[in-house]
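This structure is a prediction, so every number in the text was calculated from the model and none was measured. The figures here come from the full heavy-atom set of this structure, side chains too, leaving out hydrogens, waters and symmetry mates.
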Amino acid sequence: MLPIDAAAHSSRWRRRHPCEKAALGFGLTLCAVCLPPWPGAVLVAAVTLAVLLGPAGVPGRQLWRAFRIPLGFCVTGAVPLLFEVGGARGFVALAPEGPLHAGELLLRTSAASLGVLLFAFTTPVSDVLPRLVRAGVPAPVVDVALVMYRISFLLLDSLAKIRQAQAARLGLTTRAATWRSLAGLGATAFVRAFDRAQRLQTGLAGRGYDGTLRVLVPGAAVSRRFLAATAGLLAGVVALTLVLERSLP
């Protein structure tokens with residue numbers, strides 16, 4: 001199991017309805033995208049961090065390990081805005097307002113990523129997928145997603161065991177040996193993926209699979225108090241952003 005999935009299963013909000021956490025997480029993400037980068041995105045990032053580290057109870061180290069990957073994409077997307085190509089000042093030159101646009105994009109994307117992580121760290125995928133059928137998503141699409149979600153963990157476990165076996169047999173001592181081990185790892189994972197899929201199909205057929213996977217979903221009632229607090233928090237972020245935007249230079 002991936003660390004973020006393990007954190008979601010052990011979250012303080014594990015028993016809350018996914019709609020509540022989706023309203024909070026994606027609501028903050030929408031605020032980060034729609035509000036001005038300064039001070040809107042900064043306020044959204046601060047509020048999201050406070051919720052993650054406070055009521056949600058996400059450990060700071062786990063949050064940083066998960067956040068640094070999307071943060072890298074955010075930085076990579078912001079860097080090209082610093083330059084202009086084919087302008088009057090040369091083939092490649094610094095854009096006049098490049099730092100401003102790059103900083104705004106970095107603030108927006110970073111705050112939006114934190115909002116998505118808020119939902120991911122508090123809601124296991126196994127709680128969301130079965131409920132999508134009630135939301136109108138076709139059942140075969142949900143079944144495929146459930147099967148792929150299950151197989152992905154099996155394949156990751158197989159890759160870890162193969163990699164450990166290769167290291168124990170000195171398969172990573174030199175560069176040439178490492179490349180040979182990577183080739184063997186890819187070939188073995190390819191064969192095992194088909195084997196896992198075939199075994200899964202045989203198991204489903206033996207259990208009378210009729211085109212729908214029936215999964216027990218933990219019961220959870222939507223808390224109106226939580227939704228009201230979420231609406232108040234989002235409204236407060238929007239109002240404070242508008243006030244600070246007028247007062248700050």
Side-chain angles (χ1 to χ4, degrees), residues 4 7-60 62-64 66-71 73-75 77-78 81 97 100-125 127-132 134-137 217-249:
I4 193 170
H9 279 278
S10 60
S11 173
R12 295 178 184 174
W13 290 355
R14 170 70 170 81
R15 300 302 176 186
R16 287 194 173 277
H17 198 282
C19 290
E20 301 174 7
K21 295 172 283 189
L24 178 59
F26 296 135
L28 290 170
T29 301
L30 184 63
C31 289
V33 174
C34 297
L35 293 177
W38 173 259
V42 178
L43 287 175
V44 171
V47 170
T48 309
L49 284 174
V51 174
L52 280 166
L53 301 177
V58 178
Q62 289 186 358
L63 177 60
W64 167 244
F67 179 62
R68 62 186 179 184
I69 297 177
L71 180 61
F73 285 100
C74 296
V75 173
L81 297 181
E97 298 184 354
L100 176 61
H101 294 320
E104 291 179 348
L105 179 62
L106 184 60
L107 288 176
R108 285 187 187 274
T109 53
S110 300
S113 300
L114 286 173
V116 176
L117 286 177
L118 173 59
F119 180 75
F121 265 106
T122 56
T123 311
V125 178
D127 287 354
V128 178
L129 291 179
R131 289 185 168 91
L132 293 179
R134 302 176 184 176
V137 180
V217 181
V222 178
S223 174
R224 295 182 180 180
R225 183 178 299 179
F226 188 91
L227 292 179
T230 298
L233 178 63
L234 298 178
V237 170
V238 174
L240 185 59
T241 299
L242 297 178
V243 171
L244 292 177
E245 185 183 14
R246 295 177 182 178
S247 60
L248 293 177

**OP:** Mind checking salt bridge (Lys or Arg N to Asp or Glu O under 4.0 Å) for E20 and listing every partner two or more places apart, or none if nothing turns up?
**Re:** R16

Subject >> Separation of L63 CG from L117 CG (nearest 0.5 Å) >> reply: 6.5 Å

Original post:
Is there a side-chain contact between S11 and F121 (heavy atoms, below 4.5 Å)?
Top reply: no

Subject >> Distance, nearest 0.5 Å, that separates CH2 of W38 from CG of L100 >> reply: 13.0 Å

Subject >> Closest non-hydrogen atom pair, A112 against A32 >> reply: N-CB, 3.7 Å

**OP:** Work out which heavy atom in L71 is nearest to a heavy atom in S110; give both atom names and the distance.
**Re:** CD1-OG, 3.7 Å

**OP:** Kindly compute the distance separating CD1 (I69) from SG (C74), expressed to the nearest 0.5 Å.
**Re:** 12.0 Å

Original post:
So which heavy atom on A120 is nearest to which on I4, and how close?
Top reply: CB-CD1, 3.7 Å

Only pairs under 3.5 Å count here: list side-chain donor-acceptor contacts from residues 229-240, not counting sequence neighbours, and write none if there are none.
unit_1 : atom_1 : unit_2 : atom_2 : d
T230   : OG1    : F226   : O      : 2.9

Subject >> Distance-minimising heavy-atom pair for G40 and L35 >> reply: CA-CB, 4.2 Å

Subject >> Those residues that, when tested against R108, pass salt bridge (Lys or Arg N to Asp or Glu O under 4.0 Å) (two or more places apart) >> reply: none

Original post:
Taking C-beta and beyond as the side chain, do L244 and L43 meet within less than 4.5 Å on heavy atoms?
Top reply: yes

Original post:
Is P124 close to R14 at the side-chain level, that is, under 4.5 Å between some pair of heavy atoms?
Top reply: yes

Original post:
Can you tell if the side chain of T29 reaches within under 4.5 Å of the side chain of F119, non-hydrogen atoms only?
Top reply: no

**OP:** Could you note down all residue pairs passing salt bridge (charged side-chain N to carboxylate O under 4.0 Å, His left out) where residues 29-39 supplies at least one of them, sequence neighbours left out?
**Re:** none

**OP:** Could I get the full list of ring-ring contact (aromatic ring centres under 6.0 Å, His included) partners for F73, not counting sequence neighbours?
**Re:** none

Quick one: side chains of residues 48-60, donor-acceptor pairs under 3.5 Å with protein atoms, not counting sequence neighbours, listed by atom name and distance.
unit_1 : atom_1 : unit_2 : atom_2 : d
T48    : OG1    : V44    : O      : 2.6

